[in-house]
Amino acid sequence: MIKVNLSYTNGDNEIGYLKFYDEYSIQNNNTRPKLNTSIKHFFVKQTDSIEIISKYYKVKDLPEFIGTNDKRSVTLNKISDIYLISWMNITGSFNMPILDEESISKIINATDIVSEIKIFDVHDEIYVKTNPSISASHFKTFIKKAYNNSDLNNSIINGLKINKRKNIYPTKTDIINRVNDYLKSLEDTINSISTININKNINSYFLSYKTNLEKRKNYANSILDYLNSNKPHKIHSFIESNVSNKNIKKRMLDELSKDLSIIEKTLNLCSFQYEINENHLLMDLFYKTLKKEDIIVIVNSWD
């Protein structure tokens, strides 16, 4: 990103920030723009308009971010010239997080900034405490223990040799051991959140989370019973009682009735773990709880 002085055809001037891609230099004989010189020609060859960032924010160790009203597009025919002031050394500047004005105000006016980060597949989420009524330790406990996306299907298949086309499957003992490991992980998580007592909103979230984990646990136990007894009664009962989506329920019951080995049916039933976990509902509740507690989420996309 670069800092520039923009001169408009109507006589106005503005200091702002632009994205400058390597290809702009490549298309100009590999020439790198020099400070305090006109650089409009670098853009004219590539685009009809430019995206101008009027300002950005830097607060303590949080990543730089901009407001929803701090970015706009302007056609080049409204700009008479662009002068390079400086090169900006901002990590992730091409995907700088965008926050609404209310969130920015809460961050700027917070008396004690505390943050926690969670890393996802293609982005990070930074959670920023702006509510003085929550202690730093309670905030960190909430974020660190807020959810567990552990998946029964992935917990079982990870590391096992499975090739349905070549009829290669793990043994029943292999799967039973994996299910038991998964159950222990769930039990450990349930125990770790059962004693949390922070405030009404966060306590309510963890109660819902515990109910969610208990449901996962009951599903895993019903599969374990099926593997140990070769009888589908318990898992059949679970599906009938706990799967609200009629189409999913029918698919799961059809899977259970197929003329396949118990190993194949077990693996297939584990693939429905997403419907059992209901992660989307848990995540919705998590973000609603963040909002209630004035915890700001900064989404930091990877370049």
Side-chain angles (χ1 to χ4, degrees), residues 1-10 12-21 24 39-40 43 46-79 82-134 139 142-143 146-147 201 205 280 283-303:
M1 194 163 77
I2 55 176
K3 184 177 182 179
V4 297
N5 187 343
L6 298 142
S7 298
Y8 292 92
T9 55
N10 65 1
D12 290 342
N13 285 278
E14 177 187 8
I15 302 296
Y17 304 89
L18 305 177
K19 296 176 182 178
F20 190 90
Y21 298 91
Y24 293 178
I39 62 170
K40 181 181 177 181
F43 296 91
Q46 298 296 324
T47 182
D48 295 326
S49 63
I50 55 175
E51 185 179 79
I52 301 171
I53 296 173
S54 58
K55 63 181 176 180
Y56 68 91
Y57 300 85
K58 177 60 181 171
V59 180
K60 293 193 174 180
D61 60 346
L62 300 178
E64 290 86 352
F65 56 87
I66 61 176
T68 51
N69 298 322
D70 297 328
K71 183 171 68 171
R72 72 188 194 282
S73 291
V74 177
T75 57
L76 282 171
N77 61 13
K78 293 182 178 180
I79 298 174
I82 304 172
Y83 286 87
L84 176 61
I85 297 175
S86 62
W87 294 88
M88 306 302 296
N89 185 20
I90 300 176
T91 302
S93 60
F94 281 12
N95 291 302
M96 204 178 294
I98 301 173
L99 298 179
D100 59 58
E101 300 306 315
E102 182 182 4
S103 297
I104 291 174
S105 177
K106 287 178 179 178
I107 290 176
I108 291 175
N109 294 314
T111 55
D112 181 29
I113 291 289
V114 181
S115 65
E116 282 290 322
I117 185 171
K118 284 184 180 290
I119 299 173
F120 294 84
D121 290 338
V122 294
H123 74 283
D124 302 334
E125 287 189 2
I126 298 98
Y127 308 97
V128 186
K129 181 184 90 70
T130 67
N131 183 353
S133 66
I134 304 176
F139 164 73
F142 173 38
I143 299 302
Y147 55 87
N201 290 329
Y205 167 80
H280 59 296
M283 293 302 291
D284 284 348
L285 181 58
F286 171 63
Y287 289 112
K288 287 178 181 177
T289 306
L290 291 175
K291 187 172 181 62
K292 289 178 181 178
E293 295 300 325
D294 289 333
I295 296 171
I296 310 302
V297 183
I298 298 176
V299 179
N300 199 13
S301 300
W302 301 351
D303 280 347

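Of the options K78, R72, K55, a salt bridge (charged side-chain N to carboxylate O under 4.0 Å, His left out) to E14 is made by R72 and by none of the others. Just one of Y83, W87, Y17 meets the side-chain contact (heavy atoms from CB on, under 4.5 Å) condition when paired with K3; it is Y17. For the side-chain contact (heavy atoms from CB on, under 4.5 Å) with I126, the lone residue among I143, I296, V297, I298 that qualifies is I298. Y57 pairs with exactly one of D70, I107, L99, L62 by the side-chain contact (heavy atoms from CB on, under 4.5 Å) rule, that one being D70.
Between F139 and F142, the ring centre distance reaches or exceeds 6.0 Å.
Within a 6.0 Å sphere centred on CZ of F43, heavy atoms belonging to other residues, nucleotides or ligands number more than 12. Around atom CG of D48, no more than 12 heavy atoms belonging to other residues, nucleotides or ligands sit under 6.0 Å away.
Note: N77 CG to T9 OG1 = 7.5 Å, rounded to the nearest 0.5 Å. To the nearest 0.5 Å, atom NZ of residue K129 and atom CD of residue E293 are 10.5 Å apart. Here the straight-line distance linking atom CD1 of I113 with atom CD1 of I108 works out to 9.5 Å at 0.5 Å rounding. Here the OG atom belonging to S301 is positioned 9.0 Å from the CG atom belonging to D124, to the nearest 0.5 angstrom. Interatomic distance, K19 NZ to N95 CG, rounded to the nearest 0.5 Å: 6.0 Å. Summarising the geometry, atom CD1 belonging to I98 is positioned 8.0 Å from atom CD1 belonging to I53; distances are rounded to the nearest 0.5 Å.
What you find for T111 and P132 is that their closest heavy atoms are OG1-CB, 4.5 Å. Of all non-hydrogen atoms in L18 and M1, the two that sit nearest each other are O-CG, 3.2 Å. Of all non-hydrogen atoms in I50 and I79, the two that sit nearest each other are CD1-CD1, 3.4 Å. The minimum heavy-atom distance linking H123 with E125 is given by the pair NE2-OE2, 3.3 Å. Between K40 and L76, the shortest heavy-atom contact is NZ-O, 3.4 Å.
Looking at heavy atoms from C-beta onward, N5 lies in side-chain contact with N13 at the 4.5 angstrom threshold. Within the 4.5 Å cutoff, the side chain of V128 has no heavy atoms near those of the V59 side chain.
Side-chain N or O atoms of K118 include none that pairs as donor or acceptor with a backbone N or O of Y127 at under 3.5 Å. A donor-acceptor contact shorter than 3.5 Å links the side chain of T289 to the backbone of L285.
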